[in-house]
Amino acid sequence: MTTTTAVAEPTGPSDTDTETAGLADLSDLAGFDALDESVRADPAAHRVLTGDRPTGPLHLGHYFGSLRNRVRLQRLGVEMFLVIPDYQVITDRDVADRLAEHTENLVLDYLATGIDADRATVFTHSAVPALNQLLLPFLSLVSVAELHRNPTVKDEIAHSSQAAVNGLMLTYPVHQAADILFCKADLVPVGKDQLPHLEVTRTVARRFNERYPHPDGTTVFPRPRALLDAAPLLLGTDGGKMSKSRGNSIPLAADEDTTARLLKGAKTDTDRRITYDPAGRPEVSNLVLLAALCQDRTPEEVAEEIGDGGAAALKRTVTEAVNEHFRPIRARRAELAADRGHLRDVLRAGSERANAIADATLAEVREVMGSL
Ligand code: ATP
Ligand code: MG
């Protein structure tokens, strides 16, 4: 099937300060083709930064929302930075549980899905002090009202385990600006929930460049673009956004029986006729889409084939499709899991490289700001 990968490069009003926190209109996004051409023509002119919180195992939403695009871009020759934002775990909970284990498992998921660790820079937030220092000047570039307006922050606050909103949660999008801009990435493959955050990054970059240009008029930061894949918002088994920490996800690494059990419990509806109608029947359509993505078919074809089979037939189809698609990835993951030392080596090398780049960017920032 043709995937509907899109580049989010908001123009016009959504690029203004007042709409910093607005969710970009997905229907306005340019197609992937133009980007594909420019990346193929000169992969070295681009850099990707993206990442995942170490809060649990990566799931199917990560795969079809971002991971596939990462692997694809890396294979085209684009340099890849993957941040594991460990400090950001405590935006919505008091303590980060099993941090080291979750961090290693993320590296494992990356390698199993095809990220080439020799060419990628994989690192944790806490290991790169200069990156975190960028947060200070960046925080001065956004208003408190803008921070409060961010719809994704509002959603995460609604799902937070904490009674009161902490300052880290409120400033989360600005940390992400530091994550992306420290290495001057211009492409950010993410799910739809990240679009408001990308807007903040773009605003921070623009305001910084306007306030602090180099003496020759050149600027420090690029204005990165979000890159969406075919499932920018995959739903979980409860019908809400599939999330690592909401108990509704199907992990990439789940075994086949667990996958079957989780999918069996997925929310559907009572209409036996299976159709693909994301607006009218979001849960059923989500399962249809999942099967289609795994089988490289269109959702309409999948729905048509199941016809009047009802939710049970739909779930059987999705379970087979998911297990089939992820079998080689899961096998590779099991092999890689035997060598935990290698995972740590990947992080060690990544953090060394990320530190060198963050130090250089921080030095440039201090210079244009006139620091001694
Ligand atoms: P948590 O519950 O801890 O916030 P999460 O599942 O939301 O976990 P993140 O680490 O917050 O995962 O997000 C990592 C990346 O995966 C982001 O680019 C995000 O947009 C993308 N992503 C997460 N969930 C989905 C989903 N359900 N569909 C598509 N993309 C997703
Ligand atoms: Mg999240």
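In each ligand, atom 1 is the first atom listed, and ligand 1 is the first ligand listed.
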Does an N or O anywhere in [X] fall below 3.5 Å from an N or O of ligand 1?
X    : answer
R53  : yes
S66  : no
K244 : yes
M242 : yes
T55  : yes
L234 : yes
K241 : yes
S245 : yes
G65  : no

Provide, to 0.1 Å, the distance between [atom] and the closest protein heavy atom, together with that atom's residue and name.
atom                    : result
atom 31 (C) of ligand 1 : G61 O, 3.8 Å
atom 15 (C) of ligand 1 : D52 OD1, 3.5 Å
atom 17 (C) of ligand 1 : Q194 CG, 3.8 Å
atom 22 (N) of ligand 1 : H62 CD2, 3.9 Å

Should the pair [X]-[Y] be classified as a salt bridge under the 4.0 Å nitrogen-to-oxygen rule?
X    : Y    : answer
E352 : R348 : no
E199 : R149 : no
E146 : R207 : yes
D186 : R47  : no
D155 : R246 : yes

[atom1] of [X] to [atom2] of [Y]: how many Å apart, nearest 0.5 Å?
X    : Y   : atom1 : atom2 : value
T121 : F81 : OG1   : CZ    : 4.0 Å
Y110 : L67 : OH    : CG    : 7.5 Å
T171 : Q88 : OG1   : CD    : 9.0 Å

Judged by non-hydrogen atoms, does [X] sit under 4.0 Å from ligand 1?
X    : value
H59  : yes
P85  : no
R246 : no

Check your understanding: Is it the side chain (CB and beyond), the backbone, both or neither of S249 that lies under 4.0 Å from ligand 1, heavy atoms counted?
Key ->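 No part of S249 comes within reach of ligand 1.
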Practice item. Between D193 and ligand 1, find which residue part has any heavy-atom pair under 4.0 Å and reply side chain, backbone, both or neither. Key: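 Side chain only; the backbone of D193 stays clear of ligand 1.
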Check each atom of ligand 1 against the heavy atoms of [X] and keep those under 4.0 Å away; list them by number with element.
X    : result
G51  : 14 (C), 15 (C)
A231 : 28 (N), 29 (C)
P232 : 28 (N), 29 (C), 30 (N)
G191 : 18 (O), 19 (C), 20 (O), 21 (C), 30 (N)

**Study point:** R327 atom CZ, over 12 foreign heavy atoms within 6.0 Å
**Key:**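 Atom CZ in R327 is packed in, count exceeds 12.
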Review point. Can you list the steps and then say if E320 with R316 is a salt bridge (charged side-chain N to carboxylate O under 4.0 Å, His left out)?
Key: CA-CA 6 Å; E320 269 168 36; R316 270 196 307 278; over 6 Å; no
Point to revise | Backbone of P224 reached by a side-chain donor or acceptor of R202 within 3.5 Å | key: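 Answer holds: yes.
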Check your understanding: Quick check: does any side chain N or O of R70 sit under 3.5 Å from a backbone N or O of I115, one acting as donor and the other as acceptor?
Key ->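 Not a single qualifying donor-acceptor pair exists.
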Exercise for review: Dump the intermediate steps for side-chain contact (heavy atoms from CB on, under 4.5 Å) on K267 and D238, then the final yes or no.
Suggested key: CA-CA 6 Å; K267 193 172 164 196; D238 60 357; 5.8 Å; no
